[in-house]
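We name chains A, B, ... by the order of the sequence lines, and we start the count at 1 in each one.
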Number of protein chains: 2
Amino acid sequence: MENEMHNPVKPLVDNIIALRTSLKQYYIQKIKEQHLDITYEMLQVLAALWKKERMNQQDIAVAIQKNKASVTPLLDNLCKRDLVKRVNDPNDRRNNLIELTLKGDAYRELLTPVQQDLYKAILKEITEQKVLEITEILEKLTVIIDKQ
Amino acid sequence: MENEMHNPVKPLVDNIIALRTSLKQYYIQKIKEQHLDITYEMLQVLAALWKKERMNQQDIAVAIQKNKASVTPLLDNLCKRDLVKRVNDPNDRRNNLIELTLKGDAYRELLTPVQQDLYKAILKEITEQKVLEITEILEKLTVIIDKQ
DNA sequence: ATAAAACAGTTAAATATCAAACTAAATTTG
DNA sequence: CAAATTTAGTTTGATATTTAACTGTTTTAT
């Protein structure tokens, strides 16, 4: 959002949006280089499942910060590509438990290095101390905004 | 993106995405409170035009960090709502010059306070010095990521 | 001057997003 | 225990996003 006032927060907001765009573009490019037929958003789902298998769709929605109505078509597309499968939960028939297929798990080996490369590149130029410090401030910022 | 390693960059990335989501949600809520029939993305276009009138679509795309193919339907929707109009550029017939309508300009009075309120709320809890500092680091981060 | 390249915008097709309304299942409450 | 509420997931409808191919216009280079 822009206006004519001089306010230091405006460039900050712009940079947050730009940074998120750059992150997304980074992953899109790496996915393309490996000729994988997935989107950034599908990668977000896979990454969440690499961390914790067998989540239901609601858990996935929370983990990747999306609306549960967005998760339904995302999982449809991941199933179509044989990367995950939906499994009934016998203990609570409302749940779809989401499981990685072998292919979905194999993508881990292809894509976690991509993540690690980026993290290493960042830590080569910014100290861990600084990273922790701005993480804390961004967290605080999120709280402030959510309070409004 | 997640994995099992302990890496301080992971929480930073998560916070960037969360913060962008919070920002978007903040504006969506304020738009809703005023019963305005626009999306966050349309607001981004309007805000760019409040700063600089009569941009072509390419300029708008750059200003709001979107693909030019995304800008076409965005402007279609803004025209449909009578907030902007497309004007032919006699000097370069490739260009659509985008102009605010009276209604589009009136939205400025409704929505710039929303922006200012947020900026003030942030500066009440985080010093200007800190804001400038993290802006600089985020800028640096974007450069690092784009270089990969 | 003309051919090639660059540029602005649109379109198509696939995907993603969100709110709201909905179904079905589980839980809470009186 | 039955009714009310909550929860998980889907659907719908409108919008946004991306890449790639395409049209028309302008600029560049020979």
*Ionic contact status for A/Lys10 with A/Asp14, cut-off 4.0 Å*: yes

_If the threshold is 4.0 Å, N to carboxylate O, is there a salt bridge linking B/Arg81 and B/Asp76?_
no

*Between D/dT17 (P) and B/Met42 (CE): distance, integer Å*: 10 Å

*asked:* Using whole Å, what does the distance between atom P of nucleotide C/dT15 and atom CD of A/Gln44 come to?
replied: 17 Å

*Quickly work out the B/Glu41 CD to C/dA19 P distance and round it to whole Å.*
12 Å

*Atom CG of B/Leu74 and atom CD of B/Gln57: how far apart are they, to the nearest 0.5 Å?*
10.0 Å

*asked:* Heavy-atom nearest nucleotide on DNA chain D for B/Gln65 versus B/Asn91: which residue maps closer to 5'?
replied: B/Gln65

*asked:* So B/Leu74, base contact, sugar-phosphate only, or nothing? Heavy-atom distance under 4.0 Å.
replied: sugar-phosphate

*Which sits closer to the 5' end of DNA chain C, A/Asp89 or B/Lys24, going by the nucleotide each is nearest to?*
B/Lys24

*Say you draw a straight line from OG of B/Ser22 to CG of B/Leu19; how long is it, rounded to the nearest 0.5 Å?*
6.5 Å

_Length of the CD1-P vector between B/Ile60 and C/dT10, whole Å_ = 11 Å

*Might you point out which heavy atoms bring A/Lys103 and A/Asp82 nearest each other, and give the distance in Å?*
CB-O, 3.6 Å

*Within the pair B/Lys66 and D/dT17, is there a side-chain N or O less than 4.0 Å away from OP1 or OP2?*
yes

_Expressed as a whole number of angstroms, how long is the span from B/Tyr40:OH to C/dA19:P?_
15 Å

_Interatomic distance where CD1 belongs to A/Ile38 and C1' belongs to C/dA16 [whole Å]_ = 15 Å

*Selection from C/dT15, D/dT17, D/dT19 that lies nearest to any side-chain heavy atom of B/Asn67*: D/dT19

*Could you check which of C/dT17, D/dT15, C/dT15 has an atom nearest any side-chain atom of A/Thr39?*
C/dT15

*Please give, in whole Å, the distance from D/dT19 C1' to A/Asp37 CG?*
13 Å

_From CD1 of A/Ile31 over to P of C/dA14, roughly how many Å is that when rounded to an integer?_
19 Å

*asked:* What I want to check is whether the side chains of A/Gln44 and A/Lys66 have a donor and an acceptor closer together than 3.5 Å.
replied: yes

*For every nucleotide of nucleotides 6-14 of chain D, 5' to 3': is a protein heavy atom under 4.0 Å from its base (B), only from its sugar-phosphate (S), or from neither (-)?*
-BBBBB---

*Once you round to the nearest 0.5 Å, how far does NZ of B/Lys32 lie from CD1 of B/Ile38?*
14.5 Å

